[in-house]
Protein chains: 2
Amino acid sequence: MATPKTEAFSRKEQDLAAFAKALAHPARIAILKVLAQNNECICGEIVEVLPLAQSTVSQHLKELKEAGLIDGNVDGPRSCYCINWKAFEKFNAEFSSLFHKLKDQQAKSCC
Amino acid sequence: MATPKTEAFSRKEQDLAAFAKALAHPARIAILKVLAQNNECICGEIVEVLPLAQSTVSQHLKELKEAGLIDGNVDGPRSCYCINWKAFEKFNAEFSSLFHKLKDQQAKSCC
DNA sequence: TTCTTTTATCGTACAAAAACGATAAATATT
DNA sequence: AATATTTATCGTTTTTGTACGATAAAAGAA
């Protein structure tokens, strides 16, 4: 009886939560920074910078990719990753929207 | 050997990840919406609205509180929760900062 | 072709999260 | 004082996340 009740919530809430989940690990935030700072964005470079095993980094990259936050192209034996700016913008906008919606009703707060 | 390596990352990365983790569940996003929309923000009201058991909601409230996103005052036998706007602002600002830092380097991207 | 490099995936182990019922604690109500 | 209401916490189960080593797959180099 520990089945997650994800579908019991609205699609927007699910999407926002999924986005937040993708960012909910310091390694994945670090990866995004590396992707933004390096021209190369080769998997191996990320592995060198992070204090994690190659397989673990690969796993984090997969999660970011599945969340739609990054893209990855195979380049010979290597893999080149980069940020999906369109998706990033979209989620950033939705987050800001949530923040502002919440803030607009601040006056009603009881505490 | 599945011990999390959280401390191996920068404090800022840890903080952002912790904030994201607090938002990484649709129930907690829904709770924040309820807190913003209702004057009362009594635990019982949240339980009524959410498709979860009382104990589960209480657990989510605890996580939001520990993340610093909400405050809670005991009011007789009831508990009144409200959003901690200061913390919210802080994290929103840090998130926007990350977004913009990343975006500023978009031109360098290789993909 | 053989060997090396690079990365994804598999298998595994442990940790943490998600969900619930039951119960305890605290305050109102009768 | 006894009872009811409200919510936090405990104990438990199941699922998901985190991490690693080992290995497979794919491409380049010898």
Side-chain angles (χ1 to χ4, degrees), chain A residues 1-9 13-14 17-31 34-35 38 40-67 70-82, chain B residues 1-9 13-14 17-31 34-35 40-67 70-82 111:
Chain A
M1 290 172 183
T3 321
K5 293 204 161 175
T6 322
E7 349 72 40
F9 297 90
E13 286 162 351
Q14 290 179 44
F19 172 58
K21 190 181 266 182
L23 298 177
H25 195 289
R28 292 195 287 272
I29 290 182
I31 287 174
V34 174
L35 287 188
N38 274 354
E40 319 276 3
C41 47
I42 297 297
C43 176
E45 289 196 35
I46 304 171
V47 173
E48 272 185 2
V49 173
L50 295 201
L52 297 170
Q54 180 267 320
S55 57
T56 307
V57 172
S58 215
Q59 211 171 284
H60 283 303
L61 284 167
K62 191 183 178 189
E63 285 172 57
L64 284 170
K65 197 175 174 187
E66 281 174 354
I70 66 174
D71 291 319
N73 342 13
V74 176
D75 173 28
R78 298 178 223 92
S79 282
C80 177
Y81 286 97
C82 56
Chain B
M1 291 175 181
T3 322
K5 293 206 164 176
T6 323
E7 348 74 39
F9 297 91
E13 285 162 353
Q14 289 180 43
F19 172 58
K21 189 181 266 182
L23 297 177
H25 196 290
R28 292 196 285 272
I29 291 182
I31 288 174
V34 174
L35 287 188
E40 319 276 4
C41 48
I42 297 297
C43 176
E45 289 196 33
I46 304 171
V47 172
E48 273 185 2
V49 172
L50 296 201
L52 296 169
Q54 180 266 321
S55 57
T56 306
V57 172
S58 215
Q59 209 170 287
H60 283 304
L61 285 168
K62 191 184 178 188
E63 285 171 58
L64 284 171
K65 198 176 174 186
E66 282 174 353
I70 65 174
D71 291 318
N73 343 12
V74 175
D75 174 27
R78 296 179 225 91
S79 281
C80 177
Y81 286 98
C82 56
C111 303

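Order of the sequence lines sets the chain letters (A, B, ...), proteins ahead of strands, with each chain counted from 1.
Closest contact between the side chain of B:S55 and the listed nucleotides D:dT9, C:dT7, C:dT9 involves D:dT9. Comparing atom distances between the A:P77 side chain and each of D:dG21, C:dT5, C:dT9 picks out C:dT5 as nearest. Considering only the side chain of B:I42, D:dT7 comes nearest among D:dA8, C:dA19, D:dT7.
The interatomic distance linking A:R28 (CZ) with D:dG17 (P) rounds to 8 Å, in whole Å. Distance B:H25 NE2 to C:dA19 P: 4 Å, rounded to the nearest Å. Atom CD in A:E7 sits roughly 14 Å away from atom P in C:dA18 (whole-Å rounding). Rounding to whole angstrom units, CD of residue B:Q59 and C1' of C:dA22 are separated by 14 Å. When rounded to the nearest whole Å, the span between CZ of A:F9 and P of C:dA18 equals 11 Å. Rounded to whole angstrom, the span from the NE2 atom of B:H60 across to the P atom of C:dA18 amounts to 6 Å. Rounded to an integer number of Å, the gap from A:R78 CZ to D:dA26 C1' is 12 Å. The distance between atom NZ of A:K5 and atom P of C:dC20, rounded to the nearest whole Å, is 4 Å.
Taking the nucleotide of DNA chain D with the nearest heavy atom to each of A:D75 and A:T56, the more 5' of the two is matched to A:T56. Remark on DNA chain C: of its neighbouring residues A:P4 and A:V47, the 5'-side contact belongs to A:V47, judged by nearest-heavy-atom nucleotide.
Remark: B:Y81 is in phosphate contact with D:dA8, judged by side-chain N or O atoms under 4.0 Å from OP1 or OP2.
B:E63 comes within 4.0 angstrom of the backbone, heavy atoms only, and of no base. Using a 4.0 Å heavy-atom criterion, one finds that A:S79 contacts the sugar-phosphate atoms exclusively. A:L52 comes within contact range of the sugar-phosphate backbone alone, with a heavy-atom separation under 4.0 Å but no base atom that close. At the heavy-atom level, B:K21 lies under 4.0 Å from the strands shown only through sugar-phosphate atoms.
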Apply side-chain contact (heavy atoms from CB on, under 4.5 Å) to residues B:I46 and B:H60 and explain how you reach the verdict. CA-CA 11 Å; B:I46 304 171; B:H60 283 304; over 6 Å; no
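Not a single donor-acceptor pair under 3.5 Å links the side chain of B:R28 to the backbone N or O of A:A17. A donor-acceptor distance shorter than 3.5 angstrom exists from the side chain of B:Q14 to the backbone of B:T6, with no hydrogens or angles considered.
Aromatic ring orientation, A:F9 versus B:H25: perpendicular (interplanar angle above 60°, classes split at 30° and 60°).
On a pure distance criterion of 3.5 Å, a polar donor-acceptor pair joins the side chain of A:Q54 and the base of C:dA8.
The closest side-chain heavy-atom distance from A:D71 to A:C82 is below 4.5 Å.
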